[in-house]
Peer 1: 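Attaching a single structure in structure tokens format; questions to follow.
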Number of protein chains: 2
Amino acid sequence: MQSTKARTRDAEATKARILAAAKIEFARLGLGGARVDEIAEKAEANKRMIYHYFGNKEDLFTAVLEDAYLDIRTAEQELQLDELPPDEGMVTLIKFTWDYYLDHPEFITLVNSANLHKGKHLEKSDKLKTASRRYIATIQSLLDRGVEAGVFRSGIDAGQLNITIAAIGYYYLTNRFSGTILFERDYMTKEALDNRLAFNIDTIMRVVAA
Amino acid sequence: MQSTKARTRDAEATKARILAAAKIEFARLGLGGARVDEIAEKAEANKRMIYHYFGNKEDLFTAVLEDAYLDIRTAEQELQLDELPPDEGMVTLIKFTWDYYLDHPEFITLVNSANLHKGKHLEKSDKLKTASRRYIATIQSLLDRGVEAGVFRSGIDAGQLNITIAAIGYYYLTNRFSGTILFERDYMTKEALDNRLAFNIDTIMRVVAA
DNA sequence: AGCACAAGTAACTAAATGGTGCATTGCGCG
DNA sequence: CGCGCAATGCACCATTTAGTTACTTGTGCT
């Protein structure tokens with residue numbers, strides 16, 4: 001039985017601390033830039049534990065990616081979009097995507113890193129594929145219901161729409177530094193963020209409108 | 001006077017080879033992942049030359065970024081969008097942006113790397129700021145002419161539209177690996193690319209339509 | 001109580017890495 | 001034609017890095 005007292009040895013807790021620290025470091029510096037020693041220190045764990053639980057640096061990166069993707073896909077499912085009218089569901093999805101990126105900036109840089117390495121760290125994960133399929137199905141169902149209700153036009157590809165919904169939020173945030181510097185306009189004030197979200201909702205609703 | 005015979009010593013040529021090799025390596029592995037020795041070897045130059053001409057690794061990265069950004073901004077200006085009817089100009093711009101990303105995949109990963117490091121390598125470059133301002137002005141002018149001609153609605157923010165045009169192409173391509181794996185759909189077949197471009201043109205034209 | 005094994009630690013290593021000191025060589029100019 | 005300097009090359013260094021070896025210690029179970 002699991003006792004309530006704080007154990008000095010706790011495999012699960014140590015693993016979790018390592019994963020959390022690794023997520024931060026990989027997000028901050030990329031796979032190539034992150035340092036195993038630094039991750040161990042931030043995790044308040046011995047470096048040996050990283051190799052004990054995760055094998056090596058690349059496998060740790062894989063674990064971090066899987067954890068990050070699963071988190072967003074789980075949160076998306078919890079929206080229960082099927083229970084909303086289609087147009088309302090669409091706006092909810094756009095807002096959710098935007099807010100998730102804002103609240104989890106590490107997700108974006110992790111995905112960038114995964115793609116810098118041609119996605120090879122994602123290949124093994126069937127869990128992620130399943131979750132992704134379900135996600136697209138949710139959007140497809142939103143679209144179908146919208147067409148039936150006469151609020152969306154027909155013939156929209158759910159895959160393309162999904163990409164676009166992600167893109168217009170993701171790009172703004174991932175490239176906010178170059179944008180802020182080159183276009184001399186602060187991307188991260190509350191006003192700027194509100195404006196962008198409004199622009200994005202408007203964009204998608206124009207794209208799907210009947 | 002510049003002689004035509006191949007010189008065994010040519011500062012400009014050496015610098016250019018280093019810059020080209022560095023662009024490839026930084027694009028491939030990021031700032032943290034790229035190796036100075038590897039860059040020197042690919043450039044067929046001695047490592048010493050990198051430090052001689054560029055100072056250090058970070059300054060080399062800065063030079064690469066500046067070169068990459070200047071290239072796309074220059075190419076954009078050469079489109080001469082002012083000479084086209086506004087709707088045609090808009091489609092031309094969307095296509096150009098897409099084709100540029102496709103033809104220069106290194107541009108995307110370099111921009112990602114620049115932003116991973118919070119854009120600090122871009123800060124010094126006034127050249128880039130000037131070029132960026134001119135670029136936004138071009139889009140604004142397209143929009144203005146379109147409103148005047150009655151083909152675009154008024155009140156569209158040129159900055160937001162610019163971001164969206166870039167985003168819907170950029171995101172698709174930068175995340176093509178994770179997309180291909182997770183959504184089990186090849187992002188890079190000719191058909192897939194054509195479909196995406198068509199979807200993007202359609203998206204933007206719906207957004208700007210009067 | 002004490003056994004067996006998992007959790008945890010410290011010190012180490014071999015290789016890689018960014019960066020330099022210093023000597024050499026070819027080019028352009030007077 | 002030979003001088004001065006920029007261009008180039010080689011060997012080297014001090015750190016850093018991912019990964020490992022060999023060990024100790026706490027926990028749950030009987």
Side-chain angles (χ1 to χ4, degrees), chain A residues 1-65 113 116-117 120-121, chain B residues 1-65 113 116-117 120-121:
Chain A
M1 204 199 309
Q2 177 74 35
S3 82
T4 48
K5 90 170 155 69
R7 294 196 298 174
T8 53
R9 301 191 153 198
D10 187 330
E12 285 310 307
T14 304
K15 265 181 94 163
R17 283 202 318 280
I18 291 172
L19 200 65
K23 190 183 271 188
I24 292 170
E25 288 303 293
F26 284 135
R28 204 162 61 89
L29 298 163
L31 173 57
R35 299 300 165 217
V36 176
D37 288 278
E38 187 71 17
I39 291 170
E41 197 181 320
K42 295 253 169 83
E44 295 183 85
N46 190 280
K47 180 165 63 155
R48 195 66 189 76
M49 293 292 93
I50 292 178
Y51 293 93
H52 184 54
Y53 290 123
F54 295 95
N56 59 33
K57 191 185 183 185
E58 298 230 342
D59 288 346
L60 176 59
F61 185 64
T62 299
V64 165
L65 282 180
S113 284
L116 179 62
H117 299 284
K120 71 174 164 187
H121 304 89
Chain B
M1 202 197 311
Q2 177 74 36
S3 80
T4 49
K5 91 168 159 52
R7 295 196 298 176
T8 52
R9 301 193 151 196
D10 187 330
E12 287 310 308
T14 303
K15 266 180 93 162
R17 283 204 317 281
I18 291 171
L19 200 66
K23 190 182 274 189
I24 292 171
E25 289 302 294
F26 284 136
R28 204 162 61 88
L29 299 163
L31 173 58
R35 300 299 166 217
V36 176
D37 288 275
E38 187 70 18
I39 291 169
E41 196 180 320
K42 294 254 168 83
E44 295 183 86
N46 191 282
K47 181 166 63 155
R48 196 73 190 71
M49 294 292 92
I50 291 178
Y51 294 92
H52 185 56
Y53 290 122
F54 296 96
N56 59 34
K57 191 184 181 183
E58 298 230 341
D59 287 347
L60 176 59
F61 184 63
T62 299
V64 164
L65 282 181
S113 283
L116 179 62
H117 299 284
K120 71 173 162 187
H121 304 90

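The basis for the numbers below is simple: all heavy atoms, side chains too, and nothing from hydrogens, waters or symmetry mates. Labels below follow one simple rule: chain letters A, B, ... track the order of the sequence lines, proteins then strands, and each chain is numbered from 1.
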Peer 1: Whole-Å distance between D:dG9 C1' and B:Y53 OH?
Peer 2: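 Atom-to-atom, B:Y53 to D:dG9, this comes out as 12 Å.
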Peer 1: Assign A:A34 to base, sugar-phosphate, or nothing according to its heavy-atom contacts below 4.0 angstrom with the strands shown.
Peer 2: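 Sugar-phosphate: the residue A:A34, judged by heavy atoms under 4.0 Å, touches backbone atoms but no base.
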Peer 1: Does some side-chain heavy atom of A:L116 sit less than 4.5 Å from a side-chain heavy atom of B:L29?
Peer 2: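 Contact flag for B:L29/A:L116 side chains = no.
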Peer 1: How close or far is atom P of D:dT8 from atom CG of B:N46, stated in whole angstroms?
Peer 2: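 So the two atoms are 10 Å apart, to the nearest Å.
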Peer 1: Would you mind reading off the distance between B:D37 atom CG and C:dA15 atom P, rounded to a whole angstrom?
Peer 2: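 Value for this atom pair: 16 Å.
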Peer 1: Could you tell me whether the phosphate oxygens of C:dT20, OP1 or OP2, come under 4.0 Å of any side-chain nitrogen or oxygen in B:R48?
Peer 2: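 Answer is no, no contact under 4.0 Å.
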Peer 1: Quick one: does B:K47 reach the base of D:dG9 with a side-chain donor-acceptor pair under 3.5 Å?
Peer 2: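 When only heavy-atom distances are counted, B:K47 does not reach the base of D:dG9 through any donor-acceptor pair under 3.5 Å.
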Peer 1: Would you mind reading off the distance between B:E58 atom CD and C:dT17 atom P, rounded to a whole angstrom?
Peer 2: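 Those two atoms, CD and P, are 17 Å apart.
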Peer 1: Determine: side-chain N/O of B:H52 to OP1/OP2 of D:dT8, distance under 4.0 Å, yes or no.
Peer 2: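 It does not, given that no N or O in the side chain of B:H52 lies less than 4.0 Å from OP1 or OP2 of D:dT8.
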Peer 1: Do the side chain of B:K57 and the main chain of B:L31 share a donor and acceptor less than 3.5 angstrom apart?
Peer 2: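 Here the side-chain-to-backbone pair exists.
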Peer 1: Hey, are A:E25 and A:R28 close enough for a salt bridge, meaning a charged N less than 4.0 Å from a carboxylate O?
Peer 2: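 A salt bridge links A:E25 with A:R28.
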Peer 1: Flag the pair A:L60 / A:V36 as yes when at least one side-chain heavy-atom distance between them is below 4.5 Å, and no otherwise.
Peer 2: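 Side chain of A:L60 against side chain of A:V36, heavy atoms only: no contact under 4.5 Å found.
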Peer 1: Respond yes when some side-chain nitrogen or oxygen of A:T14 is under 4.0 Å from OP1 or OP2 of C:dG8, and no when none is.
Peer 2: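 Looking at the OP1 and OP2 atoms of C:dG8, one of them is under 4.0 Å from a side-chain N or O of A:T14.
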Peer 1: Whole-Å distance between C:dA16 C1' and B:E38 CD?
Peer 2: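 Rounded to whole Å, this separation is 12 Å.
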Peer 1: Figure out the CD1/P separation between A:I39 and D:dT17, and round it to whole Å.
Peer 2: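 Taking CD1 of A:I39 and P of D:dT17, I get 11 Å after rounding.
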Peer 1: Write down the distance between CE (B:M49) and C1' (C:dG19), rounded to a whole number of angstrom.
Peer 2: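 One finds 14 Å between C1' of C:dG19 and CE of B:M49, rounded.
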Peer 1: Round to a whole Å and report the spacing from CD1 of B:I18 to P of D:dA7.
Peer 2: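 One finds 11 Å between P of D:dA7 and CD1 of B:I18, rounded.
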